[in-house]
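In what follows, a structure is listed as structure tokens, so that the remarks can point back to it.
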Amino acid sequence: MQEPFDVLVGGVVYSVFPEEDNVYTIFKAGEEFGKIEKDTDNVWIMLNPETETPMFGDIPEVDAIGQAISNYVPEEDEEEDEEAE
């Protein structure tokens with residue numbers, strides 16, 4: 001499973017916690033922002049916080065976070081540091 005990581009979107013740092021297939025829990029400024037799911041290459045969907053069913057609609061912030069997740073490349077330094085120990 002992929003480790004949690006941070007992405008920067010519009011000057012805001014979002015903490016990303018990967019879950020099952022293409023679902024991520026997002027935190028913004030230390031508060032839970034919600035769960036998002038990858039629908040297609042460019043479309044991301046916010047999940048209802050109570051039912052975890054998709055809430056369809058164009059939410060630019062969710063798409064921007066999703067794009068940052070898609071572009072994220074893990075830092076190899078962390079793995080190299082762990083191997084050296």
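Predicted, not measured: the structure shown is a model, and the values here were computed from it. The residues of the chain are indexed from 1 along the displayed sequence.
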Given Thr25 and Glu32, is the side-chain hydrogen bond (donor to acceptor under 3.5 Å, both in side chains) satisfied, shown in steps?
CA-CA 8 Å; Thr25 298; Glu32 186 169 343; 5.1 Å; no

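- Cluster annotation: Ile59 and Tyr14 are assigned to the same hydrophobic cluster (Ile/Leu/Val/Met/Phe/Trp/Tyr, side-chain heavy-atom contacts under 4.5 Å, transitive).
- Closest of all the heavy-atom pairs between Met46 and Gly34 is CE-CA, 4.1 Å.
- If you chain together hydrophobic residues whose side chains sit under 4.5 Å apart, Val12 and Tyr24 fall into the same group.
- Within 6.0 Å of the CG atom in Asp21, the count of heavy atoms belonging to other residues, nucleotides or ligands does not exceed 12.
- The minimum heavy-atom distance between Pro4 and Pro18, with the atom names listed, is CA-CD, 3.9 Å.
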Worked verdict on Ile36 versus Ile69 for side-chain contact (heavy atoms from CB on, under 4.5 Å):
CA-CA 11 Å; Ile36 65 172; Ile69 291 170; 3.9 Å; yes

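- Listed here is the closest heavy atom pair of Pro49 and Met55: CD-SD, 4.5 Å.
- The heavy-atom pair separating Leu47 from Glu37 by the smallest distance is CD2-OE1, 3.6 Å.
- In this structure, the side chains of Val16 and Ile26 come closer than 4.5 Å at one or more pairs of heavy atoms.
- Under a 3.5 Å cut-off, the side chain of Asp63 and the backbone N or O of Trp44 do form a donor-acceptor pair.
- The side-chain heavy atoms of Ile65 and Phe33, taken from C-beta on, include a pair separated by under 4.5 Å.
- Here the straight-line distance linking atom OH of Tyr72 with atom CD of Gln67 works out to 16.0 Å at 0.5 Å rounding.
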